[in-house]
Amino acid sequence: MAKLYRTLGPGRREIRLLKLLKSESFDSPIRGRLVHTTLDDHEPYETMSYVWGFPKFTQTIELESQPFGVTPHLENALRHLRLPFKDRMMWIDAVCINQTDDVERSEQVMLMKQIYESCTGNLVWLHPVISTPLIVSESENQNEGIEEEQSRQQIERTLATMEEGVELFTQIYTRDIKSLEPMRRKRGEEDFWSETSDKPGDDVWHLEYKQVRSLRALFKSSSLWSRIWVMQELACAPRISLVLRNRTLDWDTVNSFLGDSQYADAFHMEWGHSSVGSMAGSTFSKVKTIQNQRAMTQAGKSSSLMDVLARFKSSKSTDPRDKIYGLLGLTSQSRDIKVDYRKSVAEVYTEVTTVEINGSANLDIITQNPFQGEDTAERLVGLSSWVPDFSSDAYDDYSSQYSSILFAQRGIYSAGSAECKVPCDVLPGHVLRLRGTILGRVGPMLLNEWKHQYNSKEPEWQLQNLHAYKKLYLSADTLESPATYVNGEPESQAFWRTLAGDCVAYPIERLTKTQVAEDDKAFWELMREPLSEESWWYSSYASLASGQMMDKMFTRWMFTKADTGLFLMVREGAREGDVIVVVDGGKVPLLLREVEGDGRDYTVVNAVYVHGFMDGETRAWVDEGRLSEQHFMVV
């Protein structure tokens, strides 16, 4: 391997290209040569986006007259992309980078954006791949051939479905009247599918399950759409061609179709129980996310590091460090992070978090952490509690209404000062020193079961919890003799405003005075109704401006009180005794937990909603001497 790869000159923007030698025979051995060049002076070349699959190099190609091991997936791609009558100049990471040299890998990753920007076009290889090896015990060796044949047959079926998707999409894009006419239906009829409409512009097209499945196999289900490196590659390349065996589909046609929203949204599919929804929003969701980033990148706009990481947080990577390195070309903060595969995952994630804090001068990445995922998920070993675990790719933001964080549009809350100290104080051992003010501690959780999960089997669980909260935390005569909350409003009003995070949705905005007055009356009328089996939260809360936001909050958050009487909304994982802190640069307060037996250090638990302290009130209390500031060592 050392003889095959000549060292690339550091700092000279040198790269290698693969000259894929021509062959009229599809089955002949694959042969190639390496061409050393620079990004400043090179001949035209194409790039390729693909999924590595399981890194088992069982296939061999001839490279510089030497045998070179590649994965079956790459070998198959090269065989299809090889031209019969002329050589093809390409850049392919597995071949053009010495993958055994961490220093070279680091240097080439820093050039990845320019490599894809400088190509003539990017070939997106959509062929399905087996991502894990077949695990066969010794006693089952005789079945290995059968399982491999079953896998090949499954891939062939998937390929056939995807090719049907290419054909169907082409018919839709070109407005192939002959093909589309049988799908045409009249919009808005009681019997949706009964007859067609003669009114121009009043047509919709009903896609059958088989057709929807073919489009999803092409544009959504393929593992390629979740590969972290593909996000940057597709955003930066000047031209993109989707390749499926001998079929190609230009990316611009997909973008053009989605850009014509009136036409795209006219294609419908059944969701179940005969309900109907638009096909474009669901089937093309991943493609649309990539295209949104591509439009920004092609226009020369850079996103913040946190935005890019959050946008593609569900993407997957074999190396957890690539969840960062694979996206650096899309952010202006890339110059602040040096790619170095000699660093551990924890070191890389800590560096990124520090860069984001220093670049933004706030603690959004901690207090409004969009990377946390499930509260019970295990974190990487050795990762400080204040550093997000970017390695996760299992998120269910859609089902949980993006309720894991306390913001939608930033600026809804401003609990702490707008900025924190920069550069932030990261002490030896990855200890972060924060400055903030303690508001109290989490009190007893009287409703200590997380019944208000979004997968609850009881449709009226929201109403049941409301009555439980009222009984456990408020006095029996709270409406007749209302107590006063710390900010001067009636406790009864502070109660339901806490449940809604003091917001309405959607879009998420703070409650107005008029909405507070109207919802206060409507909410307690709802609570006066007896709780019965006929109770139905969704019909009841529809009268509340804050109802939809309340429903969103109930998905992940639970009501409780602090030992100081403050009303809180906390997430699973919070415990009695956790410290409630408003930190400098934090738009929302944090829960910190004292390290047992330490007496000095804290760990980050989660964000917390504290009613009456979400808009800078802490500063006034400090100025009045009612609260004091201190430092917190967070490990």
Side-chain angles (χ1 to χ4, degrees), residues 49-51 53 73 76 80 124-132 149-185 187 192-193 203-227 230 234 241-251 253-258 260-261 263-291 314-316 393-396 398-399:
S49 294
Y50 67 108
V51 176
H73 192 58
N76 185 38
H80 279 85
V124 180
W125 182 246
L126 285 173
H127 195 288
V129 60
I130 300 175
S131 57
T132 56
E149 178 59 28
Q150 291 174 340
S151 297
R152 281 192 291 270
Q153 292 176 3
Q154 177 59 45
I155 285 180
E156 279 299 317
R157 288 192 293 269
T158 303
L159 273 169
T161 300
M162 296 173 75
E163 288 175 332
E164 291 172 4
V166 173
E167 184 175 355
L168 174 59
F169 179 80
T170 301
Q171 293 169 350
I172 291 173
Y173 177 73
T174 59
R175 289 170 164 79
D176 185 337
I177 302 301
K178 182 178 179 180
S179 301
L180 295 182
E181 186 61 26
M183 310 177 200
R184 192 160 68 97
R185 301 290 186 271
R187 187 193 303 272
F192 192 88
W193 314 122
D203 296 340
V204 294
W205 285 267
H206 172 222
L207 299 181
E208 297 178 350
Y209 172 75
K210 183 179 180 180
Q211 294 172 312
V212 173
R213 186 181 63 176
S214 71
L215 291 176
R216 283 183 169 172
L218 182 63
F219 294 111
K220 187 174 184 178
S221 302
S222 172
S223 56
L224 179 131
W225 301 119
S226 298
R227 181 175 179 261
V230 170
L234 269 61
S241 297
L242 307 182
V243 184
L244 192 66
R245 284 200 281 213
N246 298 320
R247 296 172 179 262
T248 60
L249 189 64
D250 194 277
W251 179 273
T253 64
V254 181
N255 182 39
S256 177
F257 168 71
L258 295 175
D260 186 353
S261 57
Y263 180 59
D265 290 342
F267 287 86
H268 289 68
M269 59 185 178
E270 293 187 33
W271 292 93
H273 304 294
S274 298
S275 63
V276 179
S278 170
M279 171 271 296
S282 170
T283 302
F284 292 86
S285 58
K286 293 184 177 180
V287 172
K288 290 171 75 173
T289 300
I290 295 172
Q291 177 55 32
S314 296
S315 298
K316 303 178 186 299
D393 54 46
Y395 296 97
D396 189 23
Y398 182 78
S399 295

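- Between H206 and F267, every side-chain heavy-atom pair lies at or beyond the 4.5 Å cut-off.
- Scanning both residues, K220 and K286, for their nearest heavy atoms gives O-NZ, 3.5 Å.
- Comment: R157 does not engage E164 in a salt bridge, judged by the lack of any side-chain N to carboxylate O separation of less than 4.0 angstrom.
- Across all non-hydrogen atoms, the minimal contact from D260 to R175 is OD2-NH2, 3.0 Å.
- Taking W225 as the reference, nothing meets the side-chain hydrogen bond (donor to acceptor under 3.5 Å, both in side chains) condition, with sequence neighbours excluded.
- In this structure, the side chain of T289 engages the main chain of S285 through a donor-acceptor pair within 3.5 Å.
- Within the 4.5 Å cutoff, the side chain of V124 has no heavy atoms near those of the V230 side chain.
- Within the model, atoms OG1 of T174 and CZ of F169 stand 9.5 Å from one another, a figure rounded to the nearest 0.5 Å.
- Summarising the geometry, atom CG belonging to L159 is positioned 13.5 Å from atom CZ belonging to R152; distances are rounded to the nearest 0.5 Å.
- Remark: side-chain polar atoms of Y263 are paired, donor with acceptor, to backbone N or O of I172 under 3.5 angstrom.
- For S222, the side-chain hydrogen bond (donor to acceptor under 3.5 Å, both in side chains) criterion is met by no residue, not counting sequence neighbours.
- For the residue pair N76 / H127, a side-chain donor-acceptor distance below 3.5 Å is found, with atom types taken as modelled.
- Taking the side-chain hydrogen bond (donor to acceptor under 3.5 Å, both in side chains) definition, one finds that K316 meets it with D393, sequence neighbours left out.
- Residue L242 is tested with L249, D250, L234 for a side-chain contact (heavy atoms from CB on, under 4.5 Å); the sole match is L249.
- Inter-residue side-chain proximity for L126 and L218 is flagged as met; some heavy-atom pair is nearer than 4.5 Å.
- No more than 12 heavy-atom neighbours from other residues, nucleotides or ligands sit within 6.0 angstrom of CD on E208.
- Using a 4.5 Å cut-off on side-chain heavy atoms (C-beta onward), S214 and M162 make no contact.
- The aromatic ring centres of F284 and F219 sit less than 6.0 Å apart.
- Of the inter-residue distances, the one linking R184 atom CZ with I177 atom CD1 reads 8.5 Å to the nearest 0.5 angstrom.
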Stepwise, does the side-chain contact (heavy atoms from CB on, under 4.5 Å) test hold for L215 with L207? CA-CA 10 Å; L215 291 176; L207 299 181; 4.0 Å; yes
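- Pairing each heavy atom of H73 with each of V51, the nearest pair is CD2-O, 2.8 Å.
- In this structure, W251 and S241 have side chains that are not in contact, with every pair of non-hydrogen atoms separated by 4.5 Å or more.
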Start with the C-alpha distance between W125 and S49, add both sets of side-chain angles, then the distance that settles side-chain contact (heavy atoms from CB on, under 4.5 Å), and finish with yes or no. CA-CA 6 Å; W125 182 246; S49 294; over 6 Å; no
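- In this structure, R216 CZ and T161 OG1 are separated by 13.5 Å, a value rounded to the nearest 0.5 Å.
- A distance of 11.0 Å separates CG in D176 from CD in E181, rounded to the nearest 0.5 Å.
- Remark: side-chain polar atoms of R227 are not paired, donor with acceptor, to backbone N or O of S315 under 3.5 angstrom.
- One distance of note links CG of L168 with CD of Q211; it measures 5.5 Å at 0.5 Å rounding.
- When side chains are defined from C-beta on, L258 counts as touching V287, because their heavy atoms get closer than 4.5 Å.
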